[in-house]
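For the single chain, residues carry numbers from 1 onward in sequence order. Computed from heavy atoms alone, side chains included, the values below leave out hydrogens, waters and symmetry copies.
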Amino acid sequence: MRGNHQTARPLEGRVAVVTGAARGVGEALARSLSEAGMRVALLGRERTTLREAAEALPGPSLCVECDVTDRAALADAAREVAAGLGPASVVVANAGIAVSGPFDRTAADLWQRVIDVNLTGSADTARAFLPQLTATRGYFLQIASTAAFGAAPMMSAYCASKAGAESFALALRGEVEPDGVQVGVAYLHWTGTDMLTGIDDHPVLEALRRNQPRPARRVHSPAQVAQWLTRGVIRRAPQIYAPPWLRWCQPLRPLFPALVARAARRELRSLPREELSSPAEVLGAGGQADWDSFRASRAASPPDP
């Protein structure tokens, strides 16, 4: 009976770490992993929302307010997780923000912040928890996006960061596999987080979605995406597709940049000039909270001598 129970719940009693866990896919995945029997550490920027997410989980949990671009804070978080729950067997680099707008109308600091959170933050998360994953022969999951398949105009920072995060995870896979650590990449399509709020008002994203086949336009709930991700975590899958049919798009990836560029070019030509010159905006409440916290911490820092 014990063997059957362990087979039915292979994640039972293990420790998972999820970054960007205060809301959206991160919060939903933390819940799904907890329901699968894992002890879950939630890392994120929004203290109150993060605590509420942790308290709602059915199993043991720990929440750590942490900026994934702060290596010292991540190192402290790794020590806190090990002390409070045990060494991590699963680490999910999910934290991410997005900015919409023309490249030349996006403040350099805001563009850089997207890269720092989505790409460098993922690498620093791996760096902080690799000792634990090596000890447990664990699994590192990088949350990427179909934005890595074909870059969309007006989303340059987000697309660049997700393509970079994918490449980082693939490179890391070959390095850590001899130590028994496995690395997966998750490709998410349209997901109903607050980052997609008002998508129909975003001219390029709305056009890209409108020009996709009908099944590809569907927006999936964070809960459904979390279920797909959890199944992949159980299998320690090298790739996870949300939705699963995306796996059949991999062989077609060389075609996507041209298709996306064609649709975007047609849409951009039809837009009034003032819309193309409007300032960039942060997408979603989570991204706005990160940007506000970043600006506040920078304003509080003493100027360089």
Side-chain angles (χ1 to χ4, degrees), residues 20 24-26 28-29 32 92-98 100 114 118-119 122 139-174 182-193 195-196 199-200 202-268 283-284:
V25 170
L29 180 57
S32 181
V92 183
N94 167 75
I97 61 174
S100 168
V114 177
N118 298 5
L119 173 55
S122 293
Y139 178 71
F140 178 82
L141 178 61
Q142 174 65 60
I143 301 298
S145 166
T146 50
F149 289 10
M154 314 284 276
M155 297 286 291
S156 61
Y158 183 78
C159 292
S161 68
K162 287 302 183 180
E166 177 195 29
S167 293
F168 161 70
L170 294 176
L172 181 66
R173 179 182 294 165
Q182 293 179 278
V183 175
V185 181
Y187 299 95
L188 276 55
H189 198 42
W190 303 113
T191 305
T193 66
M195 194 180 290
L196 281 191
I199 184 176
D200 291 335
H202 187 293
V204 174
L205 292 182
E206 188 277 332
L208 290 175
R209 185 161 168 254
R210 175 169 23 93
N211 283 281
Q212 292 176 345
R214 184 174 296 276
R217 300 177 204 167
R218 182 179 177 186
V219 176
H220 299 278
S221 70
Q224 175 63 78
V225 171
Q227 289 181 17
W228 287 322
L229 295 176
T230 300
R231 292 172 195 163
V233 169
I234 291 171
R235 301 194 313 272
R236 296 163 65 90
Q239 290 89 26
I240 305 173
Y241 298 95
W245 59 258
L246 280 175
R247 70 179 62 255
W248 305 113
C249 294
Q250 279 284 20
L252 303 176
R253 283 184 66 168
L255 302 176
F256 290 158
L259 294 174
V260 171
R262 181 181 179 182
R265 183 166 57 247
R266 184 172 60 246
E267 188 66 25
L268 291 174
L283 299 182

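Not counting sequence neighbours, the partners of S221 by the side chain to side chain contact (heavy atoms under 4.5 Å, CB included) test are A223, Q224. With sequence neighbours left out, S145 forms a side chain to side chain donor-acceptor pair (under 3.5 Å) with no residue at all. Looking at residues two or more places apart in sequence or on another chain, you find a side chain to side chain donor-acceptor pair (under 3.5 Å) between Q182 and R236. Under the side chain to side chain contact (heavy atoms under 4.5 Å, CB included) criterion, A242 pairs with L188, V225, W228, sequence neighbours left out. Q250 pairs by the side chain to side chain donor-acceptor pair (under 3.5 Å) definition with Y241, R253, not counting sequence neighbours. Taking N118 as the reference, S161 meet the side chain to side chain donor-acceptor pair (under 3.5 Å) condition, with sequence neighbours excluded.
Among pairs with a residue in residues 222-231, none fulfils salt bridge (Lys or Arg N to Asp or Glu O under 4.0 Å), at least two apart in sequence or across chains. Sequence neighbours left out, the pairs with a member in residues 146-155 that pass side-chain hydrogen bond (donor to acceptor under 3.5 Å, both in side chains) are T146-H189.
Of all the heavy atoms in Q142 and A169, the pair that sits closest is CB-CB, 3.7 Å. Of all heavy-atom pairs between F140 and A93, the closest is CZ-CB, 3.7 Å.
Contact annotation: the side chain of L229 approaches that of V25 to within less than 4.5 Å [non-hydrogen atoms, C-beta and beyond].
With rounding to the nearest 0.5 angstrom, the OH atom of Y158 is 9.5 Å from the CG atom of L283. Rounded to the nearest 0.5 Å, atoms CZ (R247) and CD1 (I240) are 9.5 Å apart. Between the CG atom in L141 and the CG atom in L29 there is a gap of 7.5 Å [rounded to 0.5 Å]. Atom CZ of F149 is separated from atom CD of E166 by 7.0 Å, given to the nearest 0.5 angstrom.
The closest donor-acceptor contact from the side chain of S32 to the backbone of A28 lies at 3.5 Å or more, if one exists at all. Without hydrogens or angle criteria, N94 side chain to G20 main chain gives a donor-acceptor distance under 3.5 Å.
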